[in-house]
Amino acid sequence: MAAQVTPQSEDFSRWYNDIVYRADLAAQSPVRGSVIIKPYGYELWEGIRDALDLRFKATGHRNAYFPLLIPESYLRREAEHVEGFSPELAVVTHAGGKKLEEALVIRPTSETIIGEAFSEWIQSWRDLPLLINQWSNVVRWELRTRPFLRTSEFLWQEGHTAHATDDEAEAETLQMLEIYADVAINEAAIPVISGRKSNIERFAGALRTYTIEAMMGDKRALQAGTSHNLGQNFAHAFDIRYLDENNQQQLCWTTSWGLSTRMVGAVVMAHGDDTGLRLPPRLAPWQVVIVPITRGDEERETVHASAQALKEELDDAGIRTHLDAREGLRPGFKFNDWELRGVPLRLELGPRDVASNSVVLARRDIPGREGKTSVARSGLTQAVVEGLQAIQSNMLNAATTFRDDNIHDARDYADLREIIEAGGWARGYWAGDDDDERRVKDETGATIRCFPFDQADDRGPCLLTDAGDGEIALFARAY
RNA sequence: CGGGGCGUGGCGCAGCCCGGUAGCGCGCUUGCAUGGGGUGCAAGAGGCCCCCGGUUCGAAUCCGGGCGCCCCGACCA
């Protein structure tokens with residue numbers, strides 16, 4: 001802990017790893033590509049999880065839980081799906097000391113086993129829409145892993161729904177993406193861009209995939225959540241049918257959508273600085289930390305009593321507060337320690353403050369003395385509430401400015417190459433086909449992150465092929 | 001899968017070339033002092049040196065084989 005973290009400017013990747021381990025979000029595990037999520041990291045995930053779960057339930061979804069192990073044959077029922085996931089499957093071939101009749105796949109995602117269940121659950125149009133979510137772990141044997149951003153096993157939620165019509169399925173797909181964007185922007189303070197994925201970035205087996213794309217501190221893109229309109233592909237593969245009002249058999253239209261612990265990595269990478277994590281107040285496991293400062297035994301008691309009273313007052317106001325009563329550590333050490341851990345607001349309480357009936361507030365988003373103010377004890381709770389709100393919006397504003405400053409318009413391919421080479425995101429009209437897109441990727445390292453919704457009507461000549469009806473696309477190198 | 005690195009107290013490493021007592025920093029325990037920006041002193045605890053085999057009187061060290069993890073690229077939430 002005494003050591004500094006690697007500066008972002010020196011090596012962003014190493015900075016990220018340093019932060020994840022030093023801030024106690026995660027620890028390495030004995031298993032390749034899998035991490036132990038430690039309490040602080042898990043609490044951050046819980047904040048994201050709770051924010052999502054609340055919104056899922058408010059929109060009529062119910063949680064359920066499906067098996068971890070899926071019969072191998074299920075994956076094969078949807079051609080594109082099996083092709084997409086085969087290379088990264090972990091497969092159980094033996095159990096109970098015997099070779100299994102049919103191998104079981106550890107779910108990489110649950111469209112298949114849930115599709116199979118849906119085909120039994122759905123009989124009538126009255127059973128629709130069926131709106132299910134599950135919180136679970138999944139395993140994808142990735143070649144290259146990074147804590148939170150890409151691990152062999154990760155936690156996520158996967159929503160699966162079935163509808164009577166194409167329109168309803170599309171509306172559901174978009175609604176869930178909006179929920180993701182809402183959580184990203186208003187809880188995580190990450191100004192994501194919502195849009196549609198290109199063909200080659202589409203989910204294996206989907207008709208259309210929508211995404212929220214986030215810009216990290218090194219200007220690389222991170223797909224932070226996706227929502228898929230599966231059309232009738234899975235309904236067909238798993239025979240998900242219903243009898244309509246006219247007594248006719250109809251195929252359902254299904255969707256799926258997921259957001260994972262990758263979002264924890266997004267929070268780290270979008271907001272962190274060389275001092276450590278910076279957590280948005282709404283998601284911070286501890287929004288406020290109180291550091292008591294004492295000299296000698298007689299002061300210790302009064303200061304600690306005062307600090308304890310302060311904590312209780314903030315607790316009662318619904319503010320997640322931690323009192324750092326560790327003995328034997330100097331205040332300076334604690335200041336640095338909590339800055340590393342990204343706690344938004346620190347309260348310093350010493351004999352001087354007790355004597356003057358005040359408390360020093362230090363904001364994590366404003367470094368050094370600049371971020372410190374002394375407030376009267378009587379107005380403290382209000383000052384804390386306002387401070388947390390100010391930090392939350394300041395973080396979103398800063399991230400938004402950073403994002404917008406690093407997105408540049410590309411009129412032609414030369415522009416695009418230059419922008420990508422300089423490390424930004426390029427925005428331009430696109431009407432190319434899959435091969436054109438692969439070419440851009442091969443030559444620049446950038447992929448189409450999405451066709452943004454908010455510029456969907458803007459059309460023009462393709463930056464690569466010069467065809468006249470290109471949509472606005474965002475290009476970037478991604479994690 | 002290609003390239004690189006590394007396996008030695010909890011963590012980070014040195015020792016290995018040149019074989020012979022297992023060492024340093026941090027952390028941990030106890031005590032005293034200290035305390036408004038990364039504490040000081042003192043005394044302690046803690047190690048199948050990744051595994052298997054070989055060479056040798058003797059292996060962390062030399063030789064052979066294996067295993068594992070991390071980092072960098074291509075595939076992906």
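Predicted model only: the values in this text are computed from it and were never measured. Throughout, a chain's letter reflects where its sequence line sits, starting with A, and its residues are numbered from 1. Because only heavy atoms are used, hydrogens play no part in the values below, and waters and symmetry mates are left out as well, while side chains stay in.
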For the pair made of [atom1] in [X] and [atom2] in [N], what is the distance, rounded to whole Å?
X: Leu149(A); N: rA77(B); atom1: CG; atom2: C1'; value: 10 Å
X: Glu299(A); N: rU34(B); atom1: CD; atom2: C1'; value: 13 Å
X: Met176(A); N: rA77(B); atom1: CE; atom2: C1'; value: 17 Å
X: Arg140(A); N: rC75(B); atom1: CZ; atom2: P; value: 16 Å
X: Trp15(A); N: rC71(B); atom1: CH2; atom2: P; value: 16 Å

Which atom pairs, donor and acceptor, lie under 3.5 Å between side-chain atoms of residues 81-92 of chain A and protein residues at least two apart or in another chain?
from     : atom 1 : to        : atom 2 : distance (Å)
His81(A) : ND1    : Ala204(A) : O      : 3.1
Ser86(A) : OG     : Val82(A)  : O      : 2.7

So what does [X] hit on the nucleic acid, given a heavy-atom distance under 4.0 Å: a base, only sugar-phosphate, or nothing?
X: Leu259(A); answer: nothing
X: Lys197(A); answer: nothing
X: Thr151(A); answer: base

Strand RNA chain B in bracket notation, Watson-Crick/G-U under 3.5 Å with | for pairs to another chain: ((((((((.[[[[.)....(..]]]].((((((.....)))))).....[[[[[..)....]]]]])))))))....
Let me check something: any side-chain donor-acceptor pairs from residues 23-44 of chain A under 3.5 Å, sequence neighbours excluded? List them with distances.
from     : atom 1 : to        : atom 2 : distance (Å)
Asp24(A) : OD1    : Lys38(A)  : NZ     : 2.9
Ser29(A) : OG     : Val31(A)  : N      : 3.1
Ser29(A) : OG     : Val31(A)  : O      : 3.2
Ser29(A) : OG     : Ser34(A)  : O      : 2.6
Arg32(A) : NH2    : Glu142(A) : O      : 2.9
Tyr40(A) : OH     : Arg341(A) : O      : 2.6

Any N/O donor-acceptor pair, [X] side-chain to [N] base, under 3.5 Å:
X: Arg369(A); N: rG37(B); result: no
X: Lys334(A); N: rG36(B); result: no
X: Arg330(A); N: rG38(B); result: no
X: Asp353(A); N: rG36(B); result: yes

Which listed nucleotide (rU39(B), rG37(B), rC70(B)) is nearest to the side chain of Phe333(A)?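 Nucleotide nearest to Phe333(A)'s side chain: rU39(B).
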Any side-chain N or O of [X] below 4.0 angstrom from OP1/OP2 of [N]?
X: Ser13(A); N: rC72(B); value: yes
X: Asn17(A); N: rC70(B); value: no
X: Arg14(A); N: rC71(B); value: no

Among side-chain atoms of [X] and [Y], is any donor-acceptor pair under 3.5 angstrom?
X: Asn199(A); Y: Asp433(A); result: no
X: Arg364(A); Y: Thr275(A); result: no
X: Tyr210(A); Y: Glu170(A); result: yes

Checking Arg346(A) against Glu339(A) for the salt bridge (Lys or Arg N to Asp or Glu O under 4.0 Å) test, could you report, in this order, the C-alpha distance in whole Å, the side-chain angles of both residues, the deciding distance, and whether it holds? CA-CA 9 Å; Arg346(A) 180 179 71 239; Glu339(A) 282 167 11; 2.8 Å; yes
Between Ile293(A) and Glu142(A), just flag the one whose closest nucleotide in RNA chain B comes earlier from the 5' side. Ile293(A)
Pick the nucleotide of RNA chain B nearest each of Leu222(A) and Arg352(A); which residue has the one closer to the 5' end?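 Per heavy-atom nearest nucleotide, the more 5' residue is Arg352(A).
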Using a strict threshold of under 4.0 Å (side-chain N to carboxylate O), is an ion pair present between Glu348(A) and Lys372(A)? yes
